[in-house]
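Report on the following structure.
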Amino acid sequence: MYESTAKPMSIELKGKKKKRKQKVPPEMQPSQGRPTIPTVPKRQTQTWTMLGVGIGLMSLVALIELFPRLSATASSPTDLDDPLSSSRFTVSNDGYLKVTDVMSACFMWKVEMEFGGRPNIHMGRNLARIVQPPESNLSPMEGLTVPCTGNKLMASLSPYVQPVITYANLAIVVYYRAWPFTFYRDHRLFRFVANFGKHGEITWEKQPAAELEQDYNRFIKQHGGTFPPRPPVLRGK
């Protein structure tokens with residue numbers, strides 16, 4: 001038997017195994033689109049906010065300072081027999097700007113008089129003579145004197161004597177327009193109450209006007225709703 005002496009041939013792989021290439025992630029490049037917005041530091045934002053609030057407060061204070069400021073004062077009567085006519089009430093412009101379309105009058109809310117020790121005259125919700133300054137304007141630091149009655153009060157029947165005032169509660173009414181905002185018309189009420197001394201002298205004490213304001217508004221409404229008021233319209237049945 002014939003034996004072969006040849007060594008078995010080993011089979012070699014012709015091809016070499018290819019090494020797997022590791023994938024390298026691409027480098028991130030800056031975007032070519034929208035530009036980056038720089039951030040504002042928090043402290044700088046707070047500074048601008050505080051500055052804006054400060055400017056707003058300063059503007060508000062300046063506006064308040066320029067707003068019209070009217071006041072009213074009263075002098076004691078120079079004639080004790082005629083205290084209403086001889087008393088002088090003055091409306092003053094204490095602001096920095098003038099007021100226009102100024103009209104003022106005395107609103108006698110509650111006034112009582114007596115003859116011979118008996119109260120027999122009651123005056124209420126009555127508007128006295130209306131007055132205006134020259135050209136209806138009141139410049140800063142100027143004043144307007146407002147009389148409380150147009151004529152001396154006398155008894156309507158003989159003997160024609162002067163009645164004695166025992167109580168007086170009234171208001172000085174002033175209408176005006178604030179320049180340069182003349183499209184809006186406003187008004188103020190300044191209330192004064194008579195304080196009687198031992199010898200009949202009268203001192204006018206200033207009081208809040210809220211108590212009589214409702215009656216005044218009702219009076220104006222009944223007389224056309226405007227100032228100067230108009231006579232009331234009598235409606236037929």
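Every value quoted in this text rests on a predicted model; they were computed, and no experiment measured them.
Across all non-hydrogen atoms, the minimal contact from Trp109 to Glu211 is CH2-CG, 3.7 Å. Across all non-hydrogen atoms, the minimal contact from Asn93 to Lys98 is ND2-CA, 3.8 Å. Here the closest heavy-atom approach between residue Trp204 and residue Ser75 is recorded as CD1-O, 3.5 Å. Annotation for Ala105 and Ala128: closest pair CB-O, 3.9 Å, computed over non-hydrogen atoms. Heavy-atom minimum distance, Ile165 versus Phe196: O-CE2, 3.2 Å. The minimum heavy-atom distance between Leu189 and Ala209, with the atom names listed, is O-CB, 3.5 Å.
Both Ile220 and Phe107 belong to a single network of hydrophobic side chains, linked directly or stepwise wherever heavy atoms of I, L, V, M, F, W or Y lie under 4.5 Å apart. Hydrophobic clustering (side-chain heavy atoms under 4.5 Å, transitive across Ile, Leu, Val, Met, Phe, Trp, Tyr) groups Val131 together with Ile172. Taken together through direct or relayed side-chain contacts under 4.5 Å among Ile, Leu, Val, Met, Phe, Trp and Tyr, Val99 and Tyr175 form parts of separate hydrophobic clusters. Hydrophobic clustering (ILVMFWY, side-chain heavy atoms < 4.5 Å, transitive): Val91 and Leu170 are in one cluster.
For the atom pair Arg88 CZ and Thr73 OG1, the distance stands at 12.5 Å (nearest 0.5 Å). Annotation: the span from Leu84 atom CG to Met108 atom CE amounts to 6.5 Å, rounded to 0.5 Å. Atoms CZ and CG, from Arg191 and Asn169 in turn, are 4.5 Å apart once rounded to the nearest 0.5 Å. Considering CG of Asn217 and CG of Leu212, their distance stands at 9.5 Å, rounded to 0.5 Å. One distance of note links OG1 of Thr90 with CG of Leu144; it measures 8.0 Å at 0.5 Å rounding. Note: Ser104 OG to Ile130 CD1 = 9.0 Å, rounded to the nearest 0.5 Å.
Contact of the Tyr96 side chain with the Arg69 side chain is registered, since non-hydrogen atoms from C-beta on lie closer than 4.5 Å. Taking the side chain as every heavy atom from C-beta outward, Arg129 and Pro147 approach each other to under 4.5 Å. No side-chain heavy atom of Arg125 sits under 4.5 Å from any side-chain heavy atom of Tyr216. Looking only at side-chain heavy atoms (C-beta outward), Ile202 and Ser87 stay at 4.5 Å or farther from each other.
The aromatic ring centroids of Phe89 and Phe190 lie 6.0 Å or more from each other.
Within a 6.0 Å radius of NZ in Lys206, other residues, nucleotides and ligands contribute more than 12 heavy atoms.
Relative orientation of the Phe181 and Phe183 rings is perpendicular, given thresholds of 30° and 60° on the angle between their planes.
For the pair Thr166 (side chain) and Glu112 (backbone), a donor-acceptor distance under 3.5 Å is present.
Shown are Met103, Arg185, Arg188; of these, the side-chain contact (heavy atoms from CB on, under 4.5 Å) with Tyr176 is made only by Arg188.
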